[in-house]
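Below is one structure, written out as structure tokens, with a few remarks after it.
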Amino acid sequence: MEVKVKLFGDLREGRFKEEKTQLEENSCVIDIINKHNLPLEKVAICMVNSHVAEFGQVLQNQDTVAFSPPVGGM
Amino acid sequence: MKIFRVNMSNLSFVAEEVPEEWKVLGGRGLTSVIVAKEVDPTCHPLGNKNKLVFAPGLLTGTMAANAGRLSVGAKSPLTGGIKESNSGGTAAQRLAKLGVKALIIEEIPQGDKWYCLHVNKDGVEIKEETELLGKGNYEVIHTLTSRYGENTGVITIGQAGEYKMSAANISVKDPKGHIRSLGRGGLGAVMSSKRIKFITLDDNDGEGIKILDKEKFKKAASIFNKGLLSHPVSGNALPKYGTNVLINILNEAGGLPTKNFRMGQFDGAEKISGETMYDTIMSREGDPTHGCHVGCVIRCSQTYNDKDNKYLTSGFEYETIWGFGAGCTVDDLDVIAYIDQICDDIGIDTIETAGTMMVAMEAGILPWGDGNGILNLFKNEIKEGTPLGRILGNGADFTGKAFGVTRVPTVKRQSMPAYDPRSVKGIGVTYATTTMGADHTAGYSVTSNILNVGGHIDPLAKEGQIELSRNLQIATAAIDSAGLCIFTAFAILDSDPVSHALIAMINAQYGTNWSVDDWFNLGRQVLKTERAFNEAAGFTNKDDRLPEFFSEPVPPHNATWDFSGEELDQVHNF
Ligand code: SF4
């Protein structure tokens with residue numbers, strides 16, 4: 001199956017902003033983290049289809065998964 | 001320390017002893033207590049009975065990091081309720097070093113002369129001012145820096161303030177001679193009603209900061225300062241990308257208000273995002289990271305250059321970029337930077353006027369997405385004080401009334417900031433219930449709703465939001481009283497050693513024996529004082545509600561605002 005992966009902030013460095021990724025059926029969020037070597041301590045926010053998600057969430061074909069390092073502002 | 005009191009009616013100054021009950025108050029705690037005690041809640045905000053109160057925080061001027069905030073309080077001409085606004089810059093630390101606990105300005109002069117105040121070790125000089133009338137803040141700051149030297153603190157109002165617009169802010173010179181703003185609630189109009197164009201501060205030979213137990217203070221400050229730097233948000237994310245890093249996150253979460261809160265996502269988000277801004281700053285030899293006052297270790301501010309690598313603006317914040325960007329569907333970061341610059345120069349709040357421009361677009365005054373049109377309204381109408389400019393300069397609510405627009409995103413007549421209250425419900429609770437009018441900083445529930453700081457609460461569900469907003473409003477009132485930048489809250493909320501170090505610093509400085517609970521009691525007391533003022537001014541719990549159009553669903557989640565009045569009323573149950 002295919003999912004869209006978006007990266008924010010420092011996670012883009014040496015990687016990409018947005019990319020389509022092929023995954024095995026029943027893959028989870030953590031499989032994308034491993035596939036793209038995202039340092040776990042740098043993934044503070046993860047969203048699947050604009051909903052906050054856990055690393056263990058099972059993905060569906062055509063999902064959009066976004067990762068952000070710790071951020072803050074106001 | 002002393003209370004400096006200036007009476008503009010007879011142009012007199014007196015230094016008073018600090019009353020016992022004000023001794024361990026500072027910042028917002030002190031401005032709100034003074035306004036509540038000395039200002040008639042029913043008075044006209046621009047009349048003789050209102051007072052303008054400046055106060056550095058409890059920790060301002062010490063070696064505590066990020067403690068250089070200046071609070072200013074008054075009855076607000078925008079909301080009609082109590083107001084505290086705070087900012088960095090070069091003023092608060094100078095007041096603290098001069099031993100000024102608060103500077104209270106009361107009454108208004110007879111006649112139509114304008115004045116300036118000069119604060120130094122001997123007190124306050126009140127002088128007539130003619131040269132800088134009608135000038136923007138940048139010119140005021142440059143002129144005063146050459147008049148009094150680099151090391152002078154400056155507090156000033158621009159043309160918007162002179163016109164007494166309800167969106168006018170008070171500006172403070174930062175260490176680089178740029179501008180920080182006491183943004184919200186029209187405090188610039190109150191300063192103008194007292195006919196004061198600017199205040200300069202010289203802290204040479206001031207009495208300095210008294211700390212009862214210096215050793216203890218030093219130890220606690222070191223833990224506190226290190227704690228800020230080791231927290232991932234204040235140590236890394238804010239310095240690099242500034243606050244604008246939030247554009248992409250809020251857009252992804254469906255909480256970035258777009259086209260006057262019609263959608264929660266903006267097609268042009270990436271073009272105005274913190275990541276794009278960082279790349280632009282670097283490619284134009286700008287500075288992505290600096291502090292707005294000496295002693296800031298987080299340094300979220302930056303200077304943004306134009307295409308020719310020349311200074312364009314600084315302190316270019318998420319709220320501003322969201323408001324004139326996604327809010328008005330403008331996707332050109334340079335145009336937004338020019339708007340930010342002119343807002344700083346004429347001294348007007350960017351959140352209030354972004355809401356105003358959305359309303360102006362609803363009214364057909366200019367088309368959606370017309371960034372240059374916004375710039376022209378600032379340049380040719382607001383700055384010039386034309387009739388249209390005066391309508392716009394009085395904020396979103398006033399503009400909505402003038403043009404018969406009902407889709408006006410305000411609470412207590414103050415424009416809503418950069419988070420959709422339907423898809424980030426915790427912040428909606430704060431918008432509705434804070435004493436300040438729609439204000440995100442008053443209880444920044446975005447932390448647990450979106451940023452995963454201080455735990456996680458589902459932003460789309462109601463559960464836990466009332467309690468979250470209440471606790472954050474209490475904690476924020478206490479942090480604002482310490483003179484701390486609100487960005488210290490990430491580390492304070494997440495780390496016990498940091499919060500304990502904060503209380504240890506206060507105890508060491510003032511000889512108190514506060515526990516964490518006493519600290520929160522300070523926050524509770526501040527909120528109760530402010531709320532009592534608002535009630536006496538005529539507010540009821542019916543004012544703690546969002547505008548009716550928030551019952552419409554907002555994509556992508558089709559979330560609606562579904563809190564009942566009874567639920568919202570629970571926020572103040574403490
Ligand atoms: S973190 Fe930002 S807002 Fe806070 S004191 Fe530093 S520069 Fe100013």
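Below, chains carry the letters A, B, ... as their sequence lines are ordered, and counting in each starts from 1.
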Notebook entry, point to check: Is a salt bridge present between A:Arg12 and B:Glu270, judged by a nitrogen-to-oxygen distance below 4.0 Å?
Noted result: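 Yes.
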Item checked: A:Glu18 portion near chain B, given a 4.5 angstrom heavy-atom threshold ->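 Nothing of A:Glu18, per the 4.5 Å heavy-atom cut-off to chain B.
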Checklist line | Atom group of A:Val71 that falls short of 4.5 Å from chain B, counting heavy atoms | finding: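 Both parts, heavy atoms under 4.5 Å.
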Item checked: Among B:Asn251, B:Ile486, B:Val446, residue most engaged with chain A (heavy-atom pairs, under 4.5 Å) -> B:Ile486
Notebook entry, point to check: Which members of residues 317-326 of chain B, sorted by number, sit under 4.5 angstrom from chain A on a heavy-atom basis?
Noted result: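 The stretch touches chain A at B:Tyr318, B:Glu319.
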For [X], does the [atom1] atom sit with more than 12 other heavy atoms under 6.0 Å from it, leaving out its own atoms?
| X | atom1 | value |
| --- | --- | --- |
| B:Asp279 | CG | yes |
| A:Gln22 | CD | yes |
| B:Lys462 | NZ | yes |

Next item on the list: Taking all heavy atoms of A:His51 and all of B:Leu460, pick out the closest pair and write down the distance.
Entry: CE1-CD1, 3.4 Å
Note to self: Can you tell me which of A:Ala66, A:Pro69, A:Ser50 forms the most heavy-atom pairs within a distance under 4.5 Å of chain B?
What the structure shows: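 Highest number of heavy-atom pairs under 4.5 Å: A:Ser50.
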Please look at [X] and chain A and tell me whether the side chain, the backbone, both or neither of the residue comes under 4.5 angstrom of a heavy atom of that chain.
| X | value |
| --- | --- |
| B:His231 | neither |
| B:Tyr419 | side chain |
| B:Leu451 | both |
| B:Leu246 | side chain |

Margin query: Walk me through whether A:Glu13 and B:Lys240 qualify under salt bridge (charged side-chain N to carboxylate O under 4.0 Å, His left out).
Written below: CA-CA 13 Å; A:Glu13 268 169 32; B:Lys240 182 156 181 192; 2.4 Å; yes
Next item on the list: Find the distance between CD (B:Glu252) and OG (A:Ser68) and round it off to the nearest 0.5 Å.
Entry: 10.0 Å
Checklist line | Pair B:Asn236-A:Asp10, side-chain contact (heavy atoms from CB on, under 4.5 Å): steps then yes or no | finding: CA-CA 10 Å; B:Asn236 185 46; A:Asp10 274 349; 3.5 Å; yes
